[in-house]
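Everything on this sheet refers to the single structure shown next.
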Amino acid sequence: MIPPVELSVAECVDLLCGGVVGRVAMATPVGPRIVPVNYAVHEEAIVFRTTPYSELSTYGWNAELAFEVDHLDHESHQGWSVVALGRAQLVDDPDEIARIRRTWDPRPWAGGTRNLYVRLPWRTVTGRRVGNDWAQGSLQPYRRVV
């Protein structure tokens, strides 16, 4: 077994920028919750959309959140994980929403109207990978094109 390798901040940000789906972890009155979200990276922050009545809109903005994205290859026993921590903010400036939409609007897969934008500027971002024979291209399962 090869021990995990810590990723640099630049590697973590690169992996964050290439993803589409991640998970947000938050505290609620009934305990911790983890919610999958479609996301984008905009100006050193993770941006996702939610509904006005979701747990994320109720407990997630102006709160400390953790965001995680990863990729696992079960056949080769390789994988990586990136975790970002920060305080979430509601995006309510129409100009900023327009800038987000011009660069990469997070497109929710779940049905319904998700018109609230939440920004998670990361305070820290860490990551690691496991496995061996890593080529740079194998780190990214998907690379979105803007």
Side-chain angles (χ1 to χ4, degrees), residues 1-51 54-91 96-146:
M1 269 317 216
I2 295 177
V5 174
E6 297 298 316
L7 299 172
S8 70
V9 171
E11 289 172 311
C12 291
V13 170
D14 189 47
L15 292 168
L16 277 173
C17 288
V20 175
V21 177
R23 288 166 295 288
V24 175
M26 66 187 148
T28 73
V30 295
R33 293 281 196 241
I34 299 173
V35 180
V37 295
N38 295 90
Y39 77 97
V41 173
H42 180 73
E43 297 177 356
E44 297 192 12
I46 297 154
V47 178
F48 53 89
R49 293 166 44 188
T50 189
T51 66
S54 69
E55 284 184 316
L56 275 174
S57 70
T58 303
Y59 305 111
W61 69 275
N62 199 26
E64 289 291 317
L65 301 180
F67 179 86
E68 193 255 355
V69 63
D70 57 23
H71 174 68
L72 302 172
D73 184 327
H74 298 279
E75 288 185 31
S76 67
H77 298 200
Q78 294 179 319
W80 57 262
S81 177
V82 172
V83 175
L85 303 174
R87 179 166 292 279
Q89 306 160 346
L90 184 65
V91 180
E96 184 173 359
I97 292 172
R99 285 192 302 276
I100 291 167
R101 288 178 175 162
R102 278 194 304 272
T103 55
W104 186 272
D105 193 15
R107 299 176 187 111
W109 292 351
T113 302
R114 285 167 166 61
N115 55 0
L116 291 181
Y117 284 73
V118 179
R119 175 192 327 107
L120 180 62
W122 55 79
R123 181 179 58 257
T124 62
V125 60
T126 59
R128 62 187 201 164
R129 64 179 167 83
V130 294
N132 55 10
D133 297 328
W134 281 91
Q136 185 61 29
S138 68
L139 287 174
Q140 296 264 357
Y142 173 79
R143 173 54 87 178
R144 65 175 175 223
V145 178
V146 177

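Sequential numbering from 1 along the given sequence is applied to the chain's residues.
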Does any non-hydrogen side-chain atom of [Y] lie less than 4.5 Å from one of [X]?
X    : Y    : answer
N38  : R107 : no
V69  : V21  : no
R129 : P4   : no
I100 : P106 : yes
V41  : E44  : no
W61  : L116 : no
E96  : R119 : yes
Q89  : P121 : yes

To the nearest 0.5 Å, how far apart are CG in L120 and CG in L85?
->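 Rounded to the nearest 0.5 Å, the CG-CG separation comes out at 8.5 Å.
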
Rounded distance (nearest 0.5 Å) linking atom CD of E11 with atom CH2 of W80 =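 So the gap between those two atoms works out to 11.5 Å.
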
Determine the minimum heavy-atom distance between [X] and [Y], stating which atoms define it.
X   : Y    : value
R49 : D105 : NH1-OD2, 3.2 Å
E68 : S81  : OE2-OG, 2.9 Å
C12 : V125 : CB-CG2, 3.7 Å
D73 : E75  : OD1-N, 3.1 Å
Y39 : L15  : OH-O, 4.2 Å
V47 : H42  : CG2-CB, 3.9 Å

Take atom CZ of R23 as the centre, draw a 6.0 Å sphere, and report whether it contains more than 12 heavy atoms from other residues, nucleotides or ligands.
->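 Check passes, neighbour count above 12.
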
Enclosure of E64 CD (heavy-atom neighbours >12, cutoff 6.0 Å) =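 Yes, enclosed.
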
Check: T28/E55 side-chain N/O donor and acceptor closer than 3.5 Å |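 No donor-acceptor contact under 3.5 Å links the two side chains.
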
Hey, does the side chain of S54 reach the backbone of T50 with a donor-acceptor pair shorter than 3.5 angstrom?
->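 Here the side-chain-to-backbone pair does not exist.
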
Look at the side chain of S57 and the backbone N and O of T51, then say whether any donor-acceptor pair between them is shorter than 3.5 Å.
->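 Indeed, once roles are kept as given, a pair shorter than 3.5 Å links the two residues.
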
W104 ring centre to R102 NZ or CZ under 6.0 Å, with the angle to the axis within 45°?
->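 Judged by the rule, R102 and W104 form no cation-pi pair.
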
Scan L56, V118, I34 and name whichever one has a side chain to side chain contact (heavy atoms under 4.5 Å, CB included) with V24.
->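 When side chain to side chain contact (heavy atoms under 4.5 Å, CB included) is applied between V24 and each of L56, V118, I34, only L56 qualifies.
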
Taking the six-membered ring for Trp, is the centroid-to-centroid distance between F48 and F67 below 6.0 Å?
->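 Here the rings of F67 and F48 have centres that are no less than 6.0 Å from each other.
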
Does the pair R87 and N62 meet the rule for a side chain to side chain contact (heavy atoms under 4.5 Å, CB included), with working shown?
-> CA-CA 6 Å; R87 179 166 292 279; N62 199 26; 3.6 Å; yes

